[in-house]
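Only one structure is covered here, and it is reproduced in the block below.
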Amino acid sequence: MVKPKVLVTRRWPAAVEAQLSESFDTVLNTSDKPLGPEDFRAALSSCDAVLPTVTDSIGGEAMQMKSVQTRIIANYGVGYTHIDIAAANDLGITVTNTPDVLSECTADLAMTLLLMVARRAGEGEREIREGRWTGWRPTHLVGTKVSGKTLGIIGFGRIGQEVARRAHHGFGMKIVVQNRSKVAPEVLAQCNATQVDDIETLMPLCDFVSLHCPGGAENRNMINSARLELMKPDAFLINTARGEVIDELALSQALWFNTIGGAALDVFVGEPRINPALLDCDRLVMLPHLGSATHESREAMGFRVIDNLRDFFEGREPRDRVN
Ligand code: DGY
C-alpha cells in the first residue's frame, strides 16, 4: 500500500517523528520556522494530511482553493482556532486535535503561574539575577497567601477541572466555576465547586481567576476593562488559554492603575510578539506558551496525532474529530 503523504509543520519529539515515518511518507519542515499561506496551499494540493500546530494559521488565503489533495488536518495541540473549520468543511477535510494528553501538564503550569504571581516569584528571580537583592527583611517582596482563597475558573473543560482538583485538594481553595453549559453536579462535587451563571457574577467573588475557555472570535476580549473592574483590587488573573481572550491594553491599564493585584500569562495576542504595554508591568508574570511543554505531554500529543491518522486512513472514525 502507498503510504499517505503527510506534512509536519514543525519539529516534533524524535520518538514521535520516528514512529510517524514508519507508517507515513513524512515531509518535515527541517527549518522549524512557521510556514506561510503559500506553503499551506502547496501542502493542501500535494499532501494527504497536514499536521499543524498553534503557530500555523490555516484559513483565509491559505484555504481559498476549489479542491485539495488533503483529506485530514490533524492538529498537534488541543486548541484549533488557528484552523478555519468552515473552510475545512467546504473542502471536505476532516480536522482532529489532541485533547486529554496535555490537560494535567497545562493545569500544572496554571498553578505554577498562580503561585508565581501570588508569591512574587518572578520579581524575586529578577532581583537576584540583576544583583539587586540586599538580604532578608520582614517587608521584602511580601506576597499573598494562596491556601484557602477563592479561585474562579472560566471554562470548566478538562484543563479547568484539572486546575480545580489541584487548587481544591492541594491548596484548600474554594472553587467557583463559569462555563457556557451547565456542569454535571457530580463533576462540581469532586471539588466542592459552585457554578455561577456569568462572568459578572464570578469576578467579584474571587481572589484568583484562571481562564480555560477556547480562543477564537467567540471569546475575543472576553476579559475587557468592564470585567476587570469587577475583580477585587487584590485579585490575580491567570491565562493559559489563548491570548485573544484578554484585552491586553485593558489588562495593562488595570495593572498600571493597581485596580487588580497582578496577572500571569502564558499566552499572548500575536505571540511571540508581546504588546509593549505589558512589558513595563511589574506585577505581571509572563511565560512563553509553555502549557503543554513537558516531554511526556509533547510525546503523547504526537502519538495521539498518529492514532488519529491511522484511524482515518484505515477507514475508522478518528476519536478526536472536531468537525
Ligand atoms: C494547545 O494544545 O492548544 C497548546 O496551547 C499548544 O498548541
Side-chain angles (χ1 to χ4, degrees), residues 7-13 16-17 20 29 32-35 40 49-59 62 72-85 88 95-114 153-163 210-220 222-223 237-246 248 264-274 285-309 318-323:
L7 169 75
V8 188
T9 66
R10 305 301 296 264
R11 294 314 300 262
W12 286 6
V16 187
E17 285 186 356
L20 187 72
N29 169 17
D32 202 17
K33 299 216 173 79
L35 301 177
F40 285 114
V50 173
L51 281 38
T53 71
V54 64
T55 60
D56 302 309
S57 177
I58 311 193
I72 176 168
I73 296 176
N75 187 53
Y76 179 93
V78 66
Y80 53 87
T81 47
H82 51 284
I83 302 168
D84 184 338
I85 297 294
V95 180
T96 59
N97 69 344
T98 61
D100 305 321
V101 290
L102 45 69
S103 305
E104 292 176 318
C105 290
T106 305
D108 290 346
L109 196 91
M111 291 307 294
T112 305
L113 285 173
L114 185 155
I153 298 186
I154 297 181
F156 208 54
R158 301 172 189 85
I159 299 173
Q161 290 174 35
E162 287 293 342
V163 171
S210 191
L211 307 177
H212 300 286
C213 52
E218 196 189 332
N219 288 334
R220 181 160 296 125
M222 186 181 80
I223 304 299
L237 180 67
I238 324 293
N239 189 10
T240 51
R242 283 291 182 263
E244 66 263 22
V245 173
I246 298 179
E248 290 180 342
L265 310 176
D266 186 45
V267 284
F268 303 86
V269 175
E271 60 188 47
R273 188 196 66 96
I274 303 290
V285 174
M286 292 183 282
L287 293 180
H289 203 147
L290 296 180
S292 63
T294 61
H295 295 296
E296 292 84 349
S297 278
R298 291 286 163 87
E299 287 200 353
M301 288 158 69
F303 292 129
R304 188 87 171 217
V305 171
I306 296 176
D307 287 347
N308 281 313
L309 290 177
R319 70 197 278 200
D320 302 320
R321 182 182 183 127
V322 299
N323 64 341

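FYI, the numbering just counts along the sequence from 1. Both counts, for ligands and for their atoms, begin at 1 and track the order of listing. Every heavy atom of this structure was used, including side-chain atoms; hydrogens, water molecules and symmetry mates were not.
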* Asked: Is it the side chain (CB and beyond), the backbone, both or neither of Leu102 that lies under 4.0 Å from ligand 1, heavy atoms counted?
  -> side chain
* Could you tell me which residues satisfy salt bridge (Lys or Arg N to Asp or Glu O under 4.0 Å) with Arg298, sequence neighbours excluded, listed by chain and number? => none
* Any atoms of ligand 1 less than 4.0 Å from a non-hydrogen atom of Val54? List them with their elements. => 7 (O)
* Structure fact -> Note: ligand 1 atoms sitting under 4.0 Å from heavy atoms of Gly79 are 1 (C), 2 (O), 3 (O)
* Evaluate the criterion side chain to side chain contact (heavy atoms under 4.5 Å, CB included) for residue pair Leu237 and Leu211; output intermediate values, then yes/no. => CA-CA 8 Å; Leu237 180 67; Leu211 307 177; 4.3 Å; yes
* Asked: Quick one: does Ser292 get an N or O within less than 3.5 Å of an N or O on ligand 1?
  -> no
* Asked: N/O of Val78 under 3.5 Å from N/O of ligand 1, yes or no?
  -> yes
* Closest approach of Arg10 and Pro34, non-hydrogen atoms and distance? -> NH1-CG, 3.7 Å
* To do: Please name all residues satisfying ring-ring contact (aromatic ring centres under 6.0 Å, His included) with Tyr76, sequence neighbours left out, ordered by chain then number.
  => Trp12
* Asked: Looking only at atom types and distance, does a side-chain atom of Asn219 sit under 3.5 Å from a main-chain N or O of Val245, one as donor and one as acceptor?
  -> no
* To do: Distance to 0.1 Å, residue and atom name: give those for the protein heavy atom nearest to atom 4 (C) of ligand 1.
  => His289 NE2, 3.7 Å
